[in-house]
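These notes concern the structure reproduced below.
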Amino acid sequence: MALIAILAFGMTACQNDSKDSADGDEATTATLTEDVTTSEIAENATEVPEIPATTVEWTAKVHDFGDIPKGEKQKTVFTFKNTGENPLVISSATAGCGCTVPKKPEEPIAPGEEGEIEVEYNGSGTGKISKNVTVLLNTETGKDILNITANVLGGETPPQ
């Protein structure tokens with residue numbers, strides 16, 4: 001009987017300790033979370049320099065490869081000129097899928113200078129294709145869209 005009383009007391013004491021501990025842990029966790037968040041922000045905070053906007057003029061924003069054989073790689077170059085008074089910085093050039101790979105200039109383009117973005121398409125798919133390349137740059141709009149199109153031949157059923 002004494003053993004049952006000791007077990008009952010121990011279980012009650014554990015429940016109380018758990019409840020007290022849980023309440024204490026929540027308060028401690030909230031404080032730790034706030035501290036960690038604040039400290040993480042402080043550690044990871046870097047000032048992003050403001051890049052003054054400029055203007056850009058593209059020779060063309062669309063390139064049509066025309067009829068191409070399926071699987072044959074195609075390349076084109078989109079040329080542009082920095083028509084503003086500040087350096088042109090292209091932060092990224094990304095395609096919507098892996099079949100299209102753009103290459104952007106790594107260095108800023110000085111005012112009055114020209115630059116280029118090379119775009120390679122791997123010739124996948126069949127029929128008419130249209131692929132976009134999104135270019136993020138320091139202009140007022142912040143981005144430009146370049147487009148390639150083609151009619152990929154092969155794999156089509158000939159008319160009868």
Side-chain angles (χ1 to χ4, degrees), residues 21-160:
S21 175
D23 289 343
D25 285 347
E26 285 176 18
T28 303
T29 302
T31 303
L32 287 175
T33 303
E34 289 172 16
D35 289 345
V36 168
T37 304
T38 304
S39 120
E40 283 177 9
I41 291 170
E43 286 176 19
N44 295 323
T46 58
E47 287 188 35
V48 177
E50 291 272 334
I51 301 173
T54 191
T55 54
V56 64
E57 185 177 299
W58 295 90
T59 303
K61 289 186 179 182
V62 176
H63 177 80
D64 183 7
F65 289 113
D67 291 340
I68 63 170
K70 181 179 177 79
E72 187 173 296
K73 289 183 180 181
Q74 304 292 313
K75 285 185 185 180
T76 191
V77 175
F78 290 94
T79 58
F80 59 88
K81 182 175 184 176
N82 179 352
T83 55
E85 296 180 8
N86 297 306
L88 175 67
V89 178
I90 298 178
S91 58
S92 71
T94 55
C97 69
C99 64
T100 306
V101 180
K103 292 180 185 171
K104 69 173 189 70
E106 295 301 319
E107 299 298 320
I109 306 300
E113 296 296 315
E114 293 186 353
E116 55 186 41
I117 293 181
E118 181 181 290
V119 177
E120 183 176 300
Y121 168 63
N122 70 6
S124 65
T126 55
K128 295 189 185 286
I129 62 97
S130 178
K131 305 294 180 180
N132 289 332
V133 172
T134 303
V135 180
L136 299 182
L137 61 174
N138 63 317
T139 59
E140 194 170 299
T141 60
K143 76 175 179 178
D144 282 334
I145 306 292
L146 307 177
N147 179 260
I148 60 169
T149 60
N151 183 34
V152 183
L153 304 173
E156 297 132 355
T157 306
Q160 295 186 18

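Note that these values count all heavy atoms, side chains included, but never hydrogens, waters or copies made by symmetry.
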Of the non-hydrogen atoms in [X] and [Y], which two are nearest, and what is the gap between them?
{"X": "K70", "Y": "V152", "value": "CA-CG1, 3.5 Å"}
{"X": "V62", "Y": "F78", "value": "N-CE2, 3.8 Å"}
{"X": "N138", "Y": "P52", "value": "ND2-O, 2.8 Å"}
{"X": "K143", "Y": "T139", "value": "N-OG1, 4.2 Å"}
{"X": "T83", "Y": "V56", "value": "OG1-N, 3.6 Å"}

How many angstroms lie between [atom1] in [X] and [atom2] in [Y], if you round to the nearest 0.5 Å?
{"X": "I145", "Y": "N132", "atom1": "CD1", "atom2": "CG", "answer": "6.0 Å"}
{"X": "E72", "Y": "N122", "atom1": "CD", "atom2": "CG", "answer": "12.0 Å"}
{"X": "L88", "Y": "E107", "atom1": "CG", "atom2": "CD", "answer": "12.5 Å"}
{"X": "L137", "Y": "T54", "atom1": "CG", "atom2": "OG1", "answer": "9.0 Å"}
{"X": "D144", "Y": "F80", "atom1": "CG", "atom2": "CZ", "answer": "10.0 Å"}
{"X": "K75", "Y": "I148", "atom1": "NZ", "atom2": "CD1", "answer": "13.0 Å"}

Q.
Counting neighbours of CD on E118 that are heavy atoms of other residues, nucleotides or ligands and sit closer than 6.0 Å, is the number greater than 12?
A. yes
Q: Before giving the answer on side-chain contact (heavy atoms from CB on, under 4.5 Å), spell out for V133 and V135 the whole-Å C-alpha distance, their side-chain angles and the decisive distance to 0.1 Å.
A: CA-CA 6 Å; V133 172; V135 180; 4.3 Å; yes
Q. Donor-acceptor pair, D64 side chain versus N151 backbone, under 3.5 Å?
A.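 No.
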Q | Expected output: side-chain N147 to main-chain K61 donor-acceptor under 3.5 Å | A | no
Q) Do the side chains of W58 and L146 get nearer than 4.5 Å, heavy atoms only? A) yes
Listed pairs under 3.5 Å, donor-acceptor, residues 89-106 side chains, sequence neighbours left out:
| from | atom 1 | to | atom 2 | distance (Å) |
| --- | --- | --- | --- | --- |
| S91 | OG | L136 | O | 3.3 |
| K104 | NZ | I90 | O | 3.1 |

**Q.** NZ/NE/NH1/NH2 to OD/OE distance under 4.0 Å, E114 and K81
**A.**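 No, this pair does not count.
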Q: Evaluate the side-chain contact (heavy atoms from CB on, under 4.5 Å) criterion for residues E113 and N82: first the C-alpha distance (whole Å), next the side-chain angles of each, then the deciding distance (0.1 Å), finally the verdict.
A: CA-CA 6 Å; E113 296 296 315; N82 179 352; 5.6 Å; no
Q: Could you label the plane-to-plane angle of the Y121 and F65 rings as parallel, tilted or perpendicular, counting under 30° as parallel and over 60° as perpendicular?
A: parallel
